[in-house]
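Presented below is the structure to which this report refers.
Values below: all heavy atoms of this structure, side chains included; hydrogens, waters and symmetry mates excluded. Chain identifiers are assigned alphabetically (A, B, ...) following the order of the sequence lines, protein sequences preceding nucleic acid strands; residue numbering begins at 1 within each chain.
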Amino acid sequence: MSTGTRVLRTQVLVIGSGAGGAVTAATLAEAGHEVLILEEGPEADTDRFAGHSPEAVATLYRGGGLTPMLGRPMIAFVEGCCVGGSTEINSGFWHRLPANCYERWRIGAQVRDLAQADLEAAFDRLERDVGVQLMPPDRIPRSSELFRRGIEHLGWRYMEVPRCVGTGGAAHDPGAKRSMARTFLPRAREAGATLLAETRVTRLRHAGGRVSGAVGMRLVDGRRQPLEVRADVVVVACGPIQTPALLRRSGVVRNVGNNLCIHPMLKAAALFEEPVDAHDGPMPIYQVSEFWPTLTLGGSVFTPGFLAMLLADSWRAWGPVMAEWRRIGLYYAATRGMARGTVRVVPGLPDGVTVRYQLSEADRRNLNIGLARLGEALFAAGARAVYPALTGQPFLRSVAQCRGLLEAPIPAAAMNLSVVHALGSCPMGENPDLCATDSFGRVHGFQNLHVHDASLFPDSPGVNPQGPTMALALRNTERLVERRHQSARGPVAGPRAATSVKPLLVTGAPGWLGTRLVEVLREGLQDDPRFATPDPDREVRCLIRLGEDASRLAGLSPAVTLVPGDLADASSLRAFCDGAEGAVLIHAGGVIHPSRRTREFEEVNVDGARRLLAAARAAGVRRVVAVSSNSPFGFNRDPADTFDESSPYQPYQGYGRSKAALERLVLELGAADAFETVIIRPPWFYGPQQPPRQTLFFTMIKEGRFPILGDGRQRRSMAYVDNICQGLLLAAAAPDANGRAYWIADEKPYSIEEIVDTVEQVLEDEFGIACSHRRRRLPAAVGTVAQWVDSALQAAGIYHQKIHVLGEMSETIACSVARAREELGYVPRVALREGMTRSVRWCLEQGLPI
Amino acid sequence: MLTAREREVIHQIVVALLPSFPPLDDEARERVTRDAASFLASQIAGMPTSLRLPYRAALAAFDLLPLLRFGRSFPSLERERQVAWLDLWNERGVVPTRSFVKLLRSCALFAYFDHPLVVAQLCAVTRPEVAA
């Protein structure tokens, strides 16, 4: 951070104030979130100048309107760069998302949960908010009446396109448009949002799949002031060019800026016999739908300057037509572009953005046909001549000449094309080959980075995109609000809400942790009110290996289903995951202490996990929570150190290597968007359902045989089994946990001396079991020797449990649960003494001798 | 920001490009020309850096190359030669020179014909019933 940098803090940072950003900001602010909007352009008083005047162009348009798309031909592209974005400069035409998009996007981009009914409800609300209206018959401009006359003469289908114009007498007047600066941005401010104009974000700050804010420059009194914003959530809504540019500049490049879709447009001026006075009145309103979605024909905004620009390329020959300007209307033929463009940043230039779109042959042909059809309609409307925006081509004098265009192709290089609709540069969906964000605009691989603008469209809907952009932004923001509220509430209702319908799959269920987890899922976690009342109807599906004792699970509840299978058997895993679309899988199965051969680590913990995750992916499992260990991280270098989630892998022996491989496998699949992933790292755990080795631990302490290596001050993090269950439930439910790893343990590490002392106290104080109070103290070097022997044995493929455990006893293995506390809301409820008391009680209840 | 020299070249280009229609008195024409040139200069200055730098290089070439042919830079040429020089770049040039002139002409004509003084004059001199 440079000197003089102003630092701001907010809950939600919205970058961009156009159709997507304004709706997002208002919705979040009205839901009670702290929102900061940053807008690169100025906050202009649009009442001060005419909508398409040179002053408006210089003030409201990015680059003064000089932002071409490179290719042959070069295409003129304009977008707004002001408070309100492109809604301040567009025509305000309003379309709903065409019905055919829903299914196409669901199949092609794998967009989930985009139901037409839901979006239609959003459209209903938005249309009230922005005052979408058809034009009263007495206001229809002459240029549109003439155009309609031609269309009706030809018998083509057409529609009047409604506009965002509000209601009342001023509706449809120039300047009456209900842009974002007049609707959603005032609402956002009213609800407490802050808007900073003339503030350009240069890049996002992020690490480990989380964005922490953004840096940029703010223009203050004509001087640039560095600015940094720290935020919990960042929503990028800079439009289909600047959004991918910002993401790419920030190092977020996967499927970003590769799928740019446009509607190339060829304009033409039609000279009529009668006065048109297109400059004096509302916007043209009719669009020909006869050739939709390939082609759209319609009327265009008219000013003398716009007409002059169209004629400029043949000015010497066509310039005199300007004298007839009051009998001229401007029209267009636009096609739904079939090619795909790219958005790239130019290194070293803060404003360096290169947009490329190479017109395809299909585009050229469609525009050729479009011009021919447009000419037909205009001559049918009574035009005397049609001047198309073509270089080196004659103007059109007759219908026959127009139809001749169908036989004589116009070279692409002769077309003077323009574009006002760009979209699709960060497509949404679950298709890993195409999509940059998930189905709700959250950038893949990120927890808290979202895109809410026309970049999200997987392809072109073939209509003016303002309405669909606002509707998607509203839908995605409401989802975001819901997730944030869910996070803020904690997972009291989280697991229930997330899984009330979907089953929860558990591997390793008959084991120590797994059995307790299933019990918690059925009976609740009494120490934690958030999980005290489980959903009784939720299916808990457990993978049970042949020969495993699952009797305790079988009697828990009819909702617990036991599926026979094995991590070594892919077909059984597919059966286990069958019908689990949208479910959560908690993978607690694995080998800690193999019977003899170390190859089991690889076979079960890695290969088995790979088979399981493949089955989960194929079934459409939504989230995988993988239980790892402390072993991938080895030992703390210093007894005072603690591991956190940034600690590097330093696996200890075969088990550590296998768990490190498991973590990498899970993370890779998560990065490939196979499903959401969360990794949980519990260290040495303890509690009821414990295996015999843990009971032996109590017996050794009672009898004074438990070895204490060195001075006994080495520390160990331990995890009471219910604390781990709490962590697993949180990991299963927390929306923002995707892609994260968490250490889950008791609140603090304990020294070996403290552990032994505590167990002694519990045995004597709570249960009246006399202890010897002896300590078997051994030099720390014994642990080192045990490590060497363990290494040699494991290198030979042999596993010896006691030697392995002894090798760890001289070391510190301590971790911090700070991230889990902060991000998951993890609160370890049970500490060492209470946990050991419950463990001993369980042993005694089971009749196990201590 | 553009240099004073660049602004002068742009002003001269605008003078050479603007039509005589509609008729304007000298004062109005001078003001409209100045505003159009100012608009054009602001457009070039506001271009993204990756476009502005090559465009300014082209502007320098357009300004100075007449030295080789006429012994004078563009602003010092007579109006006829300025127009001829523009035509040379536009009609006999290659794609980049044509693109250079195309942008200048389009922006200048837009700024000119949408200038309030010109629009007022257009409305005054081209009443629809007269034109028809």
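In this structure, E39(A) contributes its side chain and G41(A) its backbone to a donor-acceptor pair below 3.5 Å.
Interface remark: T354(A) contributes no atoms to any contact with chain B (heavy atom separation under 4.5 Å). For chain A, no part of V118(B) is nearby; none of its heavy atoms comes within less than 4.5 Å. No part of R384(A) comes within reach of chain B, as not one of its non-hydrogen atoms sits under 4.5 angstrom from that chain. Using a 4.5 Å cut-off between heavy atoms, R316(A) touches chain B through its side chain atoms alone. At a 4.5 Å heavy-atom cutoff, the contact between P19(B) and chain A is made by side-chain atoms alone. Within the 4.5 angstrom heavy-atom criterion, no atom of N90(B) approaches chain A. When heavy atoms are compared at a cutoff of 4.5 Å, L349(A) approaches chain B solely by way of its side chain, counted from C-beta outward.
Ring geometry for F395(A) versus W318(A): interplanar angle over 60°, hence perpendicular rather than tilted (30 to 60°).
Atom-to-atom distance recorded for E30(B):CD and D25(B):CG is 10.5 Å, nearest 0.5 angstrom.
Residue pairs that meet the side chain to side chain donor-acceptor pair (under 3.5 Å) test with at least one member in residues 33-46 of chain B, sequence neighbours left out, are D35(B)-H115(B).
Of all heavy-atom pairs between A58(B) and F100(B), the closest is CB-CD1, 3.7 Å.
Put simply, of D313(A), T391(A), V353(A), V346(A), the one with the most heavy-atom pairs under 4.5 Å next to chain B is D313(A). Listed options G65(A), A413(A), G64(A), P320(A) were ranked by heavy-atom pairs under 4.5 angstrom with chain B; first place goes to G64(A).
With no hydrogens or angles considered, a side-chain donor-acceptor pair links T303(A) and D114(B) at under 3.5 Å.
Judged as a side-chain hydrogen bond (donor to acceptor under 3.5 Å, both in side chains), and not counting sequence neighbours, R248(A) has no contacts.
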